[in-house]
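When a residue number appears, it is its place in the shown sequence, counting from 1.
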Amino acid sequence: MSKKRKVSEENRVFQDKWETEYLFVNNKDNKPQCLVCLLVLSVHKEYNLNRHYTQHHAAKYKDYTGQARLTIVSDLKKKVSAQKNLFNKSTTLQKNALLASYIVSAEIAKAKKSFTDGEFVKKCCIEVAQAFGQEKFSNELKNVSLSKQTVSRRIEEISKHVSSEISNIVSESSYFSLALDESTDLTDTAQLLIFIRTVDNNFMINEELLALESLHGNTKGQDIFDALMKALNSCEGTKKLSAIVTDGAKAMVGSQVGLVGLLRKAGISCPSFHCIIHQEALCGKILEMEDTMKTVMKCVNMIKGGNRSLTHRKFMAFLTELEAEYGDLTLFTEVRWLSKGNCLKRFFALRKEVAEFLNAHINTPISKGVQEKLLDSKFLCNMAFLTDISHHMNELNLKLQGRNQTVPQLVGHLDGFVNKLKVFIASLEKANLVHFPSCKEIMEEIPTSDFSFCIPKLNMLLESFNERFLDFNELRPHLFLFNNPMTCDISQQDDALQLELCDLQSDPVFQKRPETGVEFWSRLPEDKYPKLRDFGKKIVSMFGSTYICESTFSSMKFIKSTHRNRLTDNHLQDLLKVATTSTRIDFDKLVNDCARPQCSH
């Protein structure tokens, strides 16, 4: 039995004469297409073309011959071309409208605005276009779909795209570390933030939100462990994990049933750190000056706390009248790192105006007690010292904040503050208040003031700093090598790195290079110093604080507010992922992935 011949094997081609004889052209898919009804035939076969023409169009066009027939063919071609251009223009308009919809939706998420703001943005754009007389552009803007449901769907798609990009970044990374923190949202749902910090072979750092896990039941170590394992399944597990940093809660750091203990039981051994900023804030509580702070808070609350609007207005008018340095006091909030220092600084600067205002406008027993405190030299000395040391602590806190900081940088800031404490103690022992401007001001006002009590308190603070950061102290030999690769004692380093360090410290190319830190390590040749580069990447990949989690919780409170308290967990995760990402969003890919772009109706 003979094998059936395929059409592709017949090598049929379109003949130019068929244009005038049968009114057919060869389309872009290499198929014969009728110019009259646009029907596409599957095979270049003259019999099929002739049959179609005879049955459907011969009666109308058979009388046209010669030049008249050529004119008919030319006109039909122009109509077909115009039709195609119309469809192409329509498709382009739809794609542009879809692209604009994605871009605006992403900006809405980054600005932490509501889904319903899309329609408001669209209305504003249309009004602006009309104000500039761009009526055509205004009509095109009406095609951009920005309804509440559309914006929600776009942000969900962008979030999936970002998640895919994060997965690619993790797969291409050399090491990654994790930062975990847990807090409750407006509806008392426990939200666990899991951020991932990666470093690739070129020492490029990326910090991204890996997952937001909602814990609707318990928040014990096992619950956090299960949520973490679920998130890590999307990024090749823990084989590249270099470190974990947490908020220091018992459920996180417990050695038996905490997250760290459960990880070790599961065979996952990596350094675990208590957030360096949290520890710095805890050190400040060792000063034991709560009575001074309570008096300041009591006074501030008498003026602007609770239902004291009238008193507050009078106080601000009073400060304006006196042309005071500041126009108002600031409230103290325990959970805000910089709140204590800012509150004290403002109160100390306005202490005389506050005393005068209390005497003139608030006549209560509590007010009388506060006024007496504000005139007491011992209290003023305590407040001045607390104001100055809180200011120094705030400066350290600000240095520890920020994204993409390395552990060596953070520990360097700590060491710098410890050295400052030693300088403060030495200065106070000589009765030199140069580093304590508030204390100096009180000394000028009350020459008999005694600030010797500050020295034991500074010693307590210094001891607290030396004892508290034990988890980072264990890493110090590695940090010293990272900061001083050209001058470190080779015999004190790991055996695996010693030979490469010998070559590096003798390498004339690197002996006088000005680069330090990440920039230095990224310049080491891979073929010559593979182990040292691997060491450098591991150190760079480590989180040192949960600052990125804390700042994201602030965003979460803004997004899931009283006006949006019905946001689902999935929507909240999508919004936070888009709002916090630093990866480039490929909007063209998102548009091309849509099978049928649609305009607004």
Is the Phe436-Phe424 ring centre distance short of 6.0 angstrom?
yes
Leu178 vs Phe195 side-chain heavy atoms within contact, under 4.5 Å
no
Could you list the residues that satisfy side chain to side chain contact (heavy atoms under 4.5 Å, CB included) with Thr583, not counting sequence neighbours?
Val162, Ile169, Glu208, Thr581
Taking the six-membered ring for Trp and the single ring otherwise, decide whether the centroids of Phe472 and Phe273 are under 6.0 Å apart.
yes
Check this for me, if you would: do Arg513 and Glu519 make a salt bridge, where the nitrogen-to-carboxylate-oxygen distance has to be below 4.0 angstrom?
no
Taking the basic N atoms (NZ, or NE/NH1/NH2) and the acidic carboxylate oxygens, is any pair closer than 4.0 Å for Glu500 and Lys531?
no
Can you tell me if CG on Leu282 sees more than 12 non-hydrogen neighbours from other groups inside 6.0 Å?
yes
Residue pair Thr330 / Asn342, side-chain donor-acceptor N/O under 3.5 Å
no
Sorted by chain and residue number, the salt bridge (charged side-chain N to carboxylate O under 4.0 Å, His left out) partners of Arg308 (sequence neighbours excluded) come out as none
If you take the centroid of each ring, where Trp contributes its six-membered ring, are Phe482 and Trp521 closer together than 6.0 Å?
yes
Decide, yes or no, whether a salt bridge links Lys304 with Asp328 under the criterion of side-chain N to carboxylate O below 4.0 Å.
yes
Hydrogens and angles aside, do Asp494 and Gln498 bring a side-chain donor and acceptor to less than 3.5 Å of each other?
no
Can you confirm if the NZ or CZ of Arg351 lies within 45° of the ring axis of Phe348 and under 6.0 Å from the centre of its six-membered ring?
yes
